[in-house]
Amino acid sequence: MTTKSNVRVRFAPSPTGALHIGGVRTALFNWLYARHNNGTFILRIEDTDQTRSTDESIKIILDGMKWLGLDWNEGPFRQTERLDIYRAHIDTLLKEGRAYYCYCTPEELDARRKEAMAAGRPPKYDRKCRSLTAPIEGRTPAVRFLSADEGQTIVRDLIRGAVTFENQQLDDLIIQRSDGLPTYNFAVVVDDVTMDITHVIRGDDHLNNTPRQIQLYQALGFEPPKFAHLPMILGSDKTKLSKRHGATAVTEYIDLGYLPEALVNYIARLGWSHGDQEIFSLQELIDAFTLESVGKAPSVFNQEKCVWLNHHYIQQADPGRLAGLVLDLLKKDGVLKQGSEPDLEWFKKLVKILTERSHTLVEMKNAAIPFLVDDIQLDEKAKTKHLTPDVAPLLIELATKLKTVEPFTHTEIEPIFNALVAEKGIKLGKIAQPVRVALTGGTVSPGIYEVIEVMGKEKTIKRIEAAAAGIK
RNA sequence: GGUCCCAUCGUCUAGCGGCCUAGGACGCUGGCCUCUCACGCCGGAGACACGGGUUCGAUUCCCGUUGGGACCA
């Protein structure tokens with residue numbers, strides 16, 4: 001119905017491990033920007049670091065993107081399939097005298113760097129090979145970009161405004177390693193140019209690379225794209241989010257029982273806001289998202305709020321969908337054997353009564369277990385507190401009465417309890433809690449009538465009688 | 001060490017010179033509801049890093065200090 005705008009953005013992860021929270025945020029903001037502007041979202045795999053890149057990681061990233069619902073219009077492209085393109089551009093720069101061969105070894109560079117620092121000079125490349133007129137035999141050179149050493153390079157960032165860098169601070173960066181592969185800073189520039197990227201939206205950690213990249217665009221004869229550098233996501237100790245801060249990979253959130261819409265909503269609100277609104281559907285995010293409302297300050301990832309959103313989205317979710325997800329978890333845990341699935345309609349009823357107090361799918365799965373297994377283990381403390389000698393006759397009487405209930409539903413069960421309570425002059429809790437322990441093994445569960453209904457007549461009576469019999 | 005960025009409750013944030021005795025959300029907390037736990041509802045504690053300017057007036061603009069972060073090495 002709408003034609004595509006000329007906005008073209010990309011998410012360009014390195015396949016060196018998991019898809020982590022920071023990557024998701026970058027991907028999400030690019031995706032939202034593309035969708036908001038009817039643009040094109042491109043996925044590019046930056047795998048020139050062949051020692052660390054794996055196909056397994058690529059799969060993890062693609063799966064993660066799909067789980068989150070971040071679909072791409074073009075790609076995935078892989079840099080390793082584009083090596084000839086980089087080489088051609090390197091040759092051009094070399095031919096035009098905008099780049100030169102550098103024969104310095106890492107050891108030499110390191111030594112000179114230390115020397116410079118010891119002498120109080122800035123540790124930048126000394127341009128030793130810049131004046132070389134002939135190759136050094138026996139060495140394979142790297143290629144360095146001949147950067148400007150006067151004036152300034154100004155990054156006009158959509159989030160931070162104009163950021164000025166003194167060109168003399170920038171040294172001649174390596175654009176092709178001695179193994180013939182392009183470096184990150186060079187490959188991104190060539191890729192973004194050849195893929196017609198209009199807006200580079202990426203993490204703050206790349207801001208310092210940007211002036212060099214701008215010079216590369218200029219040397220290559222291209223107009224640089226617009227830049228937007230997103231603030232970092234930090235851990236609770238305000239350092240860059242990493243493994244020691246807990247779950248950082250998308251796969252971990254899947255395993256923890258999160259819904260994708262919860263994670264997306266949470267991450268969208270990290271560094272971005274829209275008035276006082278906290279809950280956003282995907283469409284609302286697309287409609288409201290602009291780079292102007294992205295903040296500049298880094299933000300700390302807060303597990304509690306993410307859980308709160310997950311709880312919210314679990315309440316909103318379709319019971320059939322939840323049932324399927326919880327069923328999968330139960331199978332994964334071996335609680336349910338293959339081919340022994342419960343009746344789906346019944347299971348949906350179970351899911352419905354568990355939803356309200358489940359913050360994650362894992363919690364829901366755990367709460368479902370007593371309803372599925374044949375025998376339950378009673379919690380010792382709960383047993384001591386509620387299954388006392390005086391309640392044994394009550395339980396037996398209740399079980400007897402329940403046997404006559406037909407149909408075995410909430411509305412039919414409730415009067416039985418009310419009658420018993422009135423007859424004995426006790427509080428409802430006096431009987432409800434022991435029954436809860438008898439049926440679920442613990443002191444926490446949905447409303448007791450709902451539990452009984454879903455548990456079913458046979459199991460309910462069996463467990464109440466067993467509990468009564470077990471009281472000494 | 002150099003360069004760059006950033007700075008409102010514990011956390012995410014609203015605020016784009018007067019509407020602010022600073023609003024919302026998570027978390028924490030008091031109460032209500034109640035068969036447990038939750039949910040829900042009502043209430044509470046809780047922040048403009050500091051110092052200078054600019055201005056009739058600064059959370060908001062400028063400078064510095066401090067603090068944090070990132071990158072390069």
Side-chain angles (χ1 to χ4, degrees), chain A residues 22 106 109-110 112-114 116-125 153 155 157 159-171 173 184-185 203-212 229-241 265-279 292-312 314-315 353-359 363 367 382 385-386 413-414 417-418 420-421 426-437 439-440 442-452:
Chain A
L109 291 172
D110 197 44
R112 296 217 295 275
R113 199 177 297 127
K114 285 194 177 124
M117 276 169 75
R121 298 194 306 271
K124 58 181 253 188
Y125 181 62
T153 300
V155 179
D157 192 274
I159 293 171
R160 305 188 182 252
V163 182
T164 305
F165 294 84
E166 295 296 330
N167 286 342
Q168 58 169 340
Q169 297 291 343
L170 278 23
D171 57 359
L173 86 156
Y184 164 78
N185 278 304
D204 215 355
D205 43 347
H206 292 293
L207 183 56
N208 279 308
N209 285 329
T210 310
R212 306 157 185 279
H229 287 93
L230 272 16
M232 300 274 87
I233 296 177
L234 310 177
S236 48
D237 61 354
K238 306 220 176 192
T239 62
K240 202 174 175 180
L241 195 64
N265 193 151
Y266 178 70
I267 289 175
R269 280 285 288 98
L270 227 41
W272 175 84
S273 60
H274 187 64
D276 282 342
Q277 192 172 346
E278 296 285 350
I279 308 287
E292 289 73 56
S293 40
V294 174
K296 297 179 186 180
S299 34
V300 174
F301 191 91
N302 182 256
Q303 207 77 290
E304 280 80 39
K305 190 158 182 180
C306 194
V307 167
W308 172 74
L309 275 164
N310 202 45
H311 178 262
H312 169 83
I314 285 176
Q315 309 316 304
I353 69 167
L354 297 178
T355 296
E356 199 167 83
R357 63 217 80 213
S358 298
H359 291 84
E363 278 184 19
K385 183 164 182 202
H386 296 291
I413 293 159
E414 186 169 353
F417 275 75
N418 290 339
L420 189 66
V421 163
I426 54 172
K427 284 191 172 179
L428 183 55
K430 185 67 188 168
I431 183 69
Q433 276 304 81
V435 171
R436 175 168 283 117
V437 174
L439 297 182
T440 67
T443 56
V444 174
S445 84
I448 196 66
Y449 312 125
E450 295 165 304
V451 169
I452 291 172

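Here is how names work: the chains are called A, B, and so on, in the same order as the sequence lines, proteins then strands, and each is numbered from 1. Predicted model, so just to flag it, every value in this text is computed and none were measured. Atoms considered below: every heavy atom in the structure, side chains included; atoms not considered: hydrogens, waters and symmetry mates.
- Across all strands shown, A38(B) forms no Watson-Crick or G-U wobble pair with both key distances under 3.5 Å.
- Going from the P atom of C19(B) to that of G27(B) covers 31 Å, rounded to whole Å.
- Side-chain contact check for Q277(A) versus H274(A): some heavy-atom pair is nearer than 4.5 Å.
- Between R160(A) atom CZ and C71(B) atom P there is a gap of 13 Å when expressed in whole angstrom units.
- Residue contacts shown for L207(A) are limited to sugar-phosphate atoms, with no base heavy atom under 4.0 Å away.
- Base contact: R436(A) has a heavy atom under 4.0 Å from a base atom.
- Rounded to whole Å, atom P of C12(B) lies 12 Å from atom CG of L241(A).
- Taking the C1' atom of each, C9(B) and G24(B) are spaced 12 Å apart, rounded to whole Å.
- Side-chain proximity of A432(A) to the nucleotides C4(B), C6(B), C35(B) is greatest for C35(B).
- As rounded to whole Å, 16 Å separates atom C1' of C6(B) from atom CD1 of I233(A).
- Here the separation of A58(B) from U8(B), taken at their C1' atoms, is 14 Å to the nearest Å.
- Residue S299(A) is in sugar-phosphate contact alone, with no base atom involved, counting any heavy-atom pair closer than 4.0 Å across all strands shown.
- If you check every strand for non-hydrogen atoms under 4.0 Å, F301(A) touches nothing.
- With a 4.5 Å cut-off on side-chain heavy atoms, K305(A) and E278(A) count as touching.
- When rounded to the nearest whole Å, the span between CG of D205(A) and P of C71(B) equals 6 Å.
- Using the Watson-Crick or G-U wobble rule with both distances under 3.5 Å, G2(B) pairs with C71(B).
- Atom-to-atom distance recorded for E414(A):CD and I452(A):CD1 is 10.5 Å, nearest 0.5 angstrom.
- Counting distance only, with no hydrogens placed and no angle test, the side-chain atoms of R357(A) and the base atoms of C39(B) include no donor-acceptor pair under 3.5 Å.
- Within the 4.5 Å cutoff, the side chain of H359(A) has no heavy atoms near those of the N310(A) side chain.
- A close approach under 4.0 Å does not occur between any side-chain nitrogen or oxygen of T164(A) and OP1 or OP2 of C4(B).
- Here C41(B) presents its C1' atom at 14 Å from CD of E356(A), a figure rounded to the nearest Å.
- Remark: K238(A) is in phosphate contact with U11(B), judged by side-chain N or O atoms under 4.0 Å from OP1 or OP2.
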Checklist entry - What do the steps show when you test Y184(A) against H206(A) for ring pair (Phe, Tyr, Trp, His ring centres under 6.0 Å), and what is the final call? => result CA-CA 11 Å; Y184(A) 164 78; H206(A) 292 293; 5.2 Å; yes

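- Remark: G10(B) base-pairs with C26(B); criterion is Watson-Crick or G-U wobble with both hydrogen-bond distances under 3.5 Å.
- Looking at heavy atoms from C-beta onward, N302(A) lies in side-chain contact with Y266(A) at the 4.5 angstrom threshold.
- Side-chain contact between P231(A) and R160(A) is present, with at least one heavy-atom pair separated by less than 4.5 Å.
- Here the separation of A47(B) from C32(B), taken at their C1' atoms, is 30 Å to the nearest Å.
- With C1' as the reference atom, U59(B) and G2(B) are 33 Å apart, rounded to whole Å.
- In the set G69(B), C39(B), U36(B), U36(B) carries the atom at the smallest distance from any side-chain atom of Q433(A).
- Of the C1' atoms belonging to C26(B) and A14(B), the separation is 15 Å, rounded to the nearest Å.
- For the pair H386(A) NE2 and C37(B) P, the computed distance is 9 Å after rounding to whole Å.
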Next on the checklist: Output one letter per nucleotide in nucleotides 14-29 of chain B: B when a protein non-hydrogen atom lies under 4.0 Å from the base, S when only the sugar-phosphate is that close, - when neither is.
Outcome noted: S--------BBBSS--

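- The interatomic distance linking L428(A) (CG) with C37(B) (P) rounds to 13 Å, in whole Å.
- Looking at heavy atoms from C-beta onward, I279(A) lies in side-chain contact with L309(A) at the 4.5 angstrom threshold.
- Atom P of A25(B) sits at a distance of 11 Å from the matching atom of G43(B), rounded to the whole Å.
- Across all strands shown, P231(A) has no heavy atoms under 4.0 Å from either base or sugar-phosphate atoms.
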Only distances under 3.5 Å count here; give the side-chain donor-acceptor pairs of residues 426-435 of chain A to other protein atoms, sequence neighbours excluded, each with its distance to 0.1 Å.
from    : atom 1 : to      : atom 2 : distance (Å)
K430(A) : NZ     : D390(A) : OD2    : 2.9
Q433(A) : OE1    : R436(A) : NH1    : 2.5

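- Between the P atom of A70(B) and the CG atom of L230(A) lies a distance of 16 Å, rounded to the nearest Å.
- Comparing G30(B) with A70(B), their C1' atoms are spaced 43 Å from each other, to the whole Å.
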